[in-house]
J.: 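Following this message is one structure expressed as structure tokens.
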Amino acid sequence: MFFRKLSLRILLLVIFNFQFSTFSFQLSAQTTYIPAFQRNQSILVLTGNDTLSLAWAGGMSNLAFFNIDLDLDGTDDLLAFEKHGNRLLPFLRHGQQWLYAPEYRHCFPGLHDWLILKDYDNDGKKDIFTYGLAGIRVFRNSSQEQLSFSLVTDQLTSFYYTSYSNIYASPDDNLVVADVDHDGDMDILNFWVLGKYVHYQRNYALENNLANGWLDFRLEDECWGKFSEGADNNEITLLSYCQSKNEEPNRHVGSTMTMTDFNHDGLEDLILGDIDYAQVVLLTNGGFLSEALMVAQTSAVPNAVNPISLYSMPLVSSTDLNGDNIPELLVSPADPSLNKSQNVNSVWLYEYDSLLQNYSLVTQKFLQEQMVNLGSGCYPVLYDWNGDGLLDLFAGNYGYYDSSAYYNGFLTSYYSSSIAYFENIGTASQPAFRLMNPDFGNLRQLNKQALFPTFGDLDGDGQTEMICGCSDGSLIKAKNGQITENFLNIEAGDFATPQLFDLDRDGKIDLLIGNRRGQISYYRNISTNENSSFQLETSNLGNVDVRDYTLSYFGFATPCFFRQNNETLLLCGNEQGKLFLYNNIDNNLSGSFSLQTTWLPEQTGTQHLPIQEGIRVGVAVGELNNDNYPDLIVGNYAGGFAYFEGRTGIPVSINETESTTAKCYPNPATDILHIETTNDDITQVQVFDLTGRKILETKFIGRLYQLNINSLSPSVYILKLITDGKNSYHKVVKK
């Protein structure tokens, strides 16, 4: 029951090659261009007459929260870490409000699975503890004039019995980094490799007279608190003393820990959440600072009136939101699965009442109430529904959370998908959107998942049909209140993402369908009368495949064909959150489309960094502000979207052609970029910014080189490799 195999995620190096192009893709021998976009959060979005202040923040679902000074003004701000997609959501404190500040995301290194911010070197700046390879990575906050971090170690170690070894951490557990013994340095509580018991890694840096910033751990206690978790449930056994540790079977992983002095007696208590469960358990410490002993437990946390009940695996973040040095409690799911968690009312805020000496529930949707938050998944589509000449905004989703139940000991959660309709109430040069119907076409009653809409007049009667794909691969037609399931009996693969678009320019709209495989099917419109008729031309249009084989068997292609300067282009989202841009489509429907880039640059000040909005992204392209540049709306699995205005392409002054293949990893990189060739020796390495200005150069002979890019500002750069007289170019990203 509730058994999960112990699994470790393998970090794989992802290598990106890049080709340069304009939006019209008329390549020049001297200067080429990369399309650029700029985030715009000022576009109004209303629900009724209320303006959503965080409309374009991209949604929230499964989060951990931390205080950190983002703008270095001496006042703590707020950082949220979204587990599903490893998104960072920075918020600046502005009086009693929080302002979404995504530009600070690029100040952080690559993070995944979980995050903890603690000042371990006592310099007043929060440092980073995060998941590595079956262990803990540490970054020191090295901020001077702007926020920045430097890698300290990829694997934090502790002295176990006779020697130092890696401190174990699971990608699915949330451990504790805190001053457990109140001696002034940071200790660690982590689960034993098979779960069930908590290990206490005591930091001996101060005891050994080491300087601030040293991390010198010893395994102090194999059964901290003298309790154990159930092997197949969330039951807690007090006073267990770990007697049968060596006889324990494997158990599931997936627990959250939050250490806090809940009853203010000077001893640290522990709040535990567990995978597949909605409740947490508070363990009361009745021992000593030198040796914890859990003597009582309760699930009425933080009170019996409004206890935490949040599927699945709730994580409690102790965070000071109002600057009074009394932390509030923020609770959100931490289940690694994408289809188990509550997703709309999933950020519960409890405030401490000093008079009642208790916590009270304030809201179940902290910050979510000011966002577009469509549950799990957000697939935007632009279409002028009311015929006023302005593009309206529609969005499908994977689904809103409905309920959970246990079958044969396993948790199953249920979701129902719907289409949200936002009418464009702005002007041709200034869009604005109002939510008119959260269940357009009344499709939620079907209890489908992953509805993805497209619109068009299929039968020529002057009325628009809405066609929706869903997770089972079938299509649904909705028109004039009538719903037709299994439309045309078309089956193009699970998680069908259709688009109606006249691909062959014959005056009839064709049907393009992306799928979970990461490919696109092309159904040509062969209708001759009012009855719709489509013929399958290919199940792999343009040989498009947006899978990343190093990370997943699936691609979750979300295609958006559009025309710019009368040229057909394709922008397609994928599972990992990349946006694939293709050209060479016109007069080449039976051939291979040309991949231009998998990362579109977002202009942030003087920097250009990849648009990264989370996982399973969908994208809508349209002219929304009448400036002749295509604009983007990008949705992600957290249930919201972001708005990007098109900008002038970025010129890159390069006149040689690519002739050599090389690997550049990791990409994005923080300090060291590894460059590797297979056939030719590297003789020279040059780095250019996106204006073509050379900013770094080094000479080297060999096939493997480590380039130190620590001095570069976060941005996108062009790496030029000269190998035996041949040149190649590669896009690299400095985090």
J.: Hey, are the side chains of P90 and L92 touching, using non-hydrogen atoms and a 4.5 Å cut-off?
T.: no
J.: Under the side-chain contact (heavy atoms from CB on, under 4.5 Å) test against V316, which residue among L282, L272, I271 passes?
T.: I271
J.: Please determine, by modelled atom types, if N343 and S341 share a side-chain donor-acceptor pair under 3.5 angstrom.
T.: no
J.: Scan F641, F440, F433 and name whichever one has a ring-ring contact (aromatic ring centres under 6.0 Å, His included) with F394.
T.: F440
J.: Can you tell which of L393, N386, D439 makes a side-chain contact (heavy atoms from CB on, under 4.5 Å) with Y421?
T.: N386
J.: Which residue in the set I188, N203, L189 passes side-chain contact (heavy atoms from CB on, under 4.5 Å) when paired with V180?
T.: L189
J.: For E613, give me all partners under salt bridge (charged side-chain N to carboxylate O under 4.0 Å, His left out), at least two apart in sequence or on another chain.
T.: R39, R105
J.: Run the ring-ring contact (aromatic ring centres under 6.0 Å, His included) test against Y415 and tell me which residues pass, sequence neighbours left out.
T.: Y398, Y401
J.: Flag yes if more than 12 heavy atoms outside H94 fall under 6.0 Å of its NE2 atom; otherwise flag no.
T.: no
J.: Using side-chain heavy atoms (C-beta onward) and a distance below 4.5 Å, is P431 in contact with L391?
T.: no
J.: Below 4.5 Å, heavy atoms only, C-beta onward: do D77 and D69 meet side chain to side chain?
T.: yes
J.: Under the salt bridge (charged side-chain N to carboxylate O under 4.0 Å, His left out) rule, what pairs show up with a residue in residues 344-371, not counting sequence neighbours?
T.: none
J.: Regarding D335 and S312, do their side chains bring together a donor and an acceptor under 3.5 Å, going by distance alone?
T.: yes
J.: So which heavy atom on Y379 is nearest to which on N397, and how close?
T.: CE1-C, 3.7 Å
J.: Where the side chain of K118 meets the backbone of M186, is there a donor-acceptor pair that is under 3.5 Å apart?
T.: no
J.: State, to 0.1 Å, how close S413 and K340 come at their nearest heavy-atom pair, and which atoms those are.
T.: OG-O, 2.8 Å
J.: Taking all atoms of both residues into account, what is the closest heavy-atom pair of R444 and S416, and its distance?
T.: NE-OG, 2.7 Å
J.: When you look at E623 and D631, which way does the side chain to side chain contact (heavy atoms under 4.5 Å, CB included) test go after all the steps?
T.: CA-CA 6 Å; E623 174 52 83; D631 306 305; 3.7 Å; yes
J.: Quick one: does L88's side chain get under 4.5 Å of Y104's, heavy atoms only?
T.: no
J.: Measure across I615 and G85 and return the closest heavy-atom pair with its distance rounded to 0.1 Å.
T.: CG2-CA, 3.4 Å
J.: Kindly determine whether F65 and V347 satisfy side chain to side chain contact (heavy atoms under 4.5 Å, CB included), including the steps that lead there.
T.: CA-CA 10 Å; F65 291 88; V347 185; 3.7 Å; yes
J.: Do E103 and T604 have side-chain N/O donor and acceptor atoms under 3.5 Å apart?
T.: no
J.: Please tell me whether S332 and N62 have a donor and an acceptor in their side chains that are separated by less than 3.5 angstrom.
T.: no
J.: Side chain of R434, backbone of G48: donor and acceptor closer than 3.5 Å?
T.: yes
J.: Parallel, tilted or perpendicular for Y100 and F91, by the 30°/60° rule?
T.: tilted
J.: Minimum heavy-atom separation for N67 and R93, please, with both atom names.
T.: ND2-NH2, 4.2 Å
J.: For the residue pair N141 and L147, establish whether any side-chain heavy-atom pair is separated by less than 4.5 Å.
T.: yes
J.: Are the side chain of D269 and the backbone N or O of F262 linked by a donor-acceptor pair below 3.5 Å?
T.: yes
J.: Once ring-ring contact (aromatic ring centres under 6.0 Å, His included) is applied, do any residues pair with F108, and if so which ones, sequence neighbours excluded?
T.: F149
J.: Applying side chain to side chain contact (heavy atoms under 4.5 Å, CB included) to D179 and D187, what does each step give before you reach the verdict?
T.: CA-CA 5 Å; D179 187 0; D187 310 297; 3.6 Å; yes
J.: Run the salt bridge (charged side-chain N to carboxylate O under 4.0 Å, His left out) test against D154 and tell me which residues pass, sequence neighbours left out.
T.: R137
J.: Would a 4.5 Å heavy-atom cut-off, applied to side chains only, mark V634 and P380 as touching?
T.: no
J.: F139: what forms a ring-ring contact (aromatic ring centres under 6.0 Å, His included) with it, not counting sequence neighbours?
T.: none
J.: Say whether, by atom type as modelled, one donor and one acceptor occur between the side chain of S346 and the main chain of L310 under 3.5 angstrom.
T.: no
J.: Does any non-hydrogen side-chain atom of Y311 lie less than 4.5 Å from one of Q342?
T.: yes
J.: If you look at every heavy atom in V138 and L215, which pair is closest and at what distance?
T.: CG1-CD1, 4.2 Å
J.: Assess whether side chain to side chain contact (heavy atoms under 4.5 Å, CB included) is satisfied between L321 and W98, documenting all intermediate values.
T.: CA-CA 10 Å; L321 297 177; W98 297 105; 4.2 Å; yes
J.: Verify, without hydrogens or angle tests, whether S61 (side chain) and A638 (backbone) share a donor-acceptor contact under 3.5 angstrom.
T.: no
J.: Between D392 and D384, is there a side-chain heavy-atom distance shorter than 4.5 Å?
T.: yes
